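Please read the structure below before turning to the comments.
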Number of protein chains: 2
Amino acid sequence: MKPRDENKIDQIYQATLKQVKANGLAGITMQSVAREANIATGTLYIYFKNKEALILSLYHVCVKNSAGVYFKNYDPKAPFKVSFYLIWSNMVQHRISSFTESIFMEQCYHSPFIDEDTRKTLKKMFEPLMNLIKRGKEERLIKDIDTFWLIAFLIGTVNEIAKRTIYFNKKLTTEILNTNFQMCWDGIKA
Amino acid sequence: MKPRDENKIDQIYQATLKQVKANGLAGITMQSVAREANIATGTLYIYFKNKEALILSLYHVCVKNSAGVYFKNYDPKAPFKVSFYLIWSNMVQHRISSFTESIFMEQCYHSPFIDEDTRKTLKKMFEPLMNLIKRGKEERLIKDIDTFWLIAFLIGTVNEIAKRTIYFNKKLTTEILNTNFQMCWDGIKA
DNA sequence: TCATTAAATGAATAAATATTCATTTAAATT
DNA sequence: AATTTAAATGAATATTTATTCATTTAATGA
């Protein structure tokens with residue numbers, strides 16, 4: 001018997017991301033995804049039940065991917081600021097290197113494809129970061145502000161740096177990264 | 001002769017925004033917009049040539065609306081920090097009170113509807129803010145960092161505060177607003 | 001009041017898009 | 001090499017959605 005080409009799923013995912021980046025979630029069609037992936041339209045339906053399943057499945061893969069990367073090399077025993085810098089910079093770098101995934105996730109968030117439950121799983125992704133922030137407050141290193149707003153502050157800066165790096169075609173040197181981190185740190189430090 | 005109901009255009013805009021908030025740009029159809037606006041599908045085509053024209057036209061209205069509000073009550077002769085707080089808080093408040101517009105604009109940005117030129121008009125909107133930032137640097141009140149990244153920092157925080165206020169159904173009290181401003185200010189101050 | 005004119009309607013049609021399926025292809029097993 | 005099995009194909013079909021248009025409605029001015 002003929003086995004599945006296990007590369008194909010990733011090929012389809014990549015094609016979908018590319019299409020979403022170019023035309024938005026509103027712009028993708030099953031034919032355009034198939035064309036981009038160099039496969040027949042019907043083949044999509046061997047790997048995914050329908051369009052919704054494809055999008056949803058890709059969404060979950062993207063969420064999973066991010067979560068892992070954010071905490072790469074994270075050592076909970078390292079000093080607070082070291083850990084904080086690591087995670088902050090992981091987030092910035094991942095959002096830049098996986099920018100199409102980020103856009104895709106953002107667009108999914110307000111779409112008929114993602115339901116309320118799916119939305120909630122996103123929250124769990126940030127639990128280790130929440131714990132780190134709490135630790136920073138306990139150690140009196142950062143401001144005694146509701147963790148919710150401290151994280152809002154972080155995520156906001158991270159997102160916008162990534163967006164602008166891509167849209168305005170900037171090269172994010174270590175110097176620029178550190179300058180941006182400095183603003184962020186000064187914002188939250190006690 | 002029967003005159004046009006001049007309220008109708010706004011009615012259509014509001015219906016479109018409501019639909020986009022609920023289902024994303026990928027989820028709207030001319031029939032769903034018409035239903036939401038309590039008019040017949042055909043009536044949409046009296047006011048707009050086609051779907052693309054409707055979306056594009058609404059996009060321009062939204063951009064125009066934001067630009068004005070951000071600089072409401074702005075007095076260039078006021079002290080820097082006063083002006084800065086005013087504009088920052090105008091931005092936060094406008095993004096919250098016009099959240100559907102914000103989502104819509106964000107989604108349009110990556111869609112087949114908006115072209116490169118249209119995208120550029122967004123940049124002009126922030127020119128007065130750029131000038132204020134430059135003044136702050138000249139007065140040595142804020143860090144000597146590329147205005148581009150200072151603005152990225154601001155916009156990032158503003159966007160995320162607005163998003164979270166809405167998504168997590170928070171009440172943005174003056175106290176919380178000021179706490180958030182403090183982080184932002186500490187981040188950019190010299 | 002009546003005639004005129006354009007708005008408004010919504011069913012009908014056109015166009016775009018998702019999905020299916022009969023057929024072909026190719027890997028694996030005998 | 002022949003057989004089996006599922007993948008792959010892409011044209012055909014089903015479905016959804018955009019757009020049109022013959023008809024009705026209502027505001028205006030003669």
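These numbers come from a predicted model, not from an experiment. Residue numbers begin at 1 in each chain, while the letters A, B, ... track the order of the sequences.
- Distance from the side chain of B:P3 is smallest for D:dT28 among the nucleotides C:dT19, C:dA28, D:dT28.
- The CG-P distance, from B:N23 to D:dT17, rounds to 11 Å in whole Å.
- Here A:F48 lies out of heavy-atom contact (under 4.0 Å) with every strand.
- Looking only at atom types and distance, the side chain of A:T43 has no donor-acceptor partner in the side chain of A:K8 under 3.5 Å away.
- In this entry the distance linking CG of A:N38 with C1' of D:dA8 reads 14 Å, nearest Å.
- Defined by atom type and a distance below 3.5 Å, a donor-acceptor pair is missing between the side-chain atoms of B:K18 and B:T100.
- A straight line from CG of A:N50 to P of C:dA18 spans 11 Å, rounded to a whole angstrom.
- The shortest distance between side-chain heavy atoms of B:F84 and B:I133 falls below 4.5 Å.
- Picking from D:dA18, C:dA26, C:dT19 the nucleotide with the shortest atom distance to the side chain of A:K51 gives C:dT19.
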key: Worked check of ring-ring contact (aromatic ring centres under 6.0 Å, His included) between B:F99 and B:F104   = CA-CA 8 Å; B:F99 194 65; B:F104 173 72; over 10 Å; no
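- B:M30 has its CE atom 20 Å from the P atom of C:dA12, to the nearest Å.
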key: Secondary-structure string, 5' to 3', Watson-Crick or G-U under 3.5 Å, | for another-strand partners, for DNA chain D   = ||||||||||||||||||||||||||||||
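- Note on A:K49: every side-chain N or O is 4.0 Å or more away from OP1 and OP2 of C:dT19.
- Comparing B:L44 and A:S32 along DNA chain C, the residue whose closest nucleotide (by nearest heavy atom) sits nearer the 5' end is B:L44.
- When heavy atoms are screened at a 4.0 angstrom cut-off, B:T29 is found touching the sugar-phosphate backbone but no base atom.
- Donor-acceptor pairing under 3.5 Å is lacking for the side chains of A:Y47 and A:S57.
- When the side-chain nitrogen and oxygen atoms of A:K8 are compared with OP1 and OP2 of D:dA8, one or more of them lie within a distance under 4.0 Å.
- Between B:E101 and B:K21 there is no salt bridge, since no side-chain nitrogen of the basic residue lies less than 4.0 Å from a carboxylate oxygen of the acidic one.
- For B:T43 and C:dT9, the shortest distance from a side-chain N or O to OP1 or OP2 is below 4.0 Å.
- For the residue pair A:N178 / A:Y85, a side-chain donor-acceptor distance below 3.5 Å is found, with atom types taken as modelled.
- Atom CD of B:E6 is separated from atom P of C:dA6 by 15 Å (rounded to the nearest Å).
- The side chain of B:I39 lies closest to C:dT9 when the candidates are C:dT9, D:dG10, D:dA8.
- Under the 4.5 Å side-chain criterion, counting only non-hydrogen atoms from C-beta, B:C62 is not in contact with B:N65.
- Taking atom OH of B:Y47 as the reference point, atom C1' of C:dA6 lies 10 Å away to the nearest angstrom.
- Distance, B:I46 CD1 to C:dA6 P: 12 Å, rounded to whole Å.
- Side-chain to base pairing of A:Q31 with C:dA16: no donor and acceptor N or O lie closer than 3.5 Å to each other.
- Comparing atom distances between the A:Y45 side chain and each of C:dT19, C:dA8, D:dA27 picks out C:dT19 as nearest.
- Between the CD1 atom of A:I12 and the C1' atom of D:dT9 there is a distance of 14 Å, rounded to whole Å.
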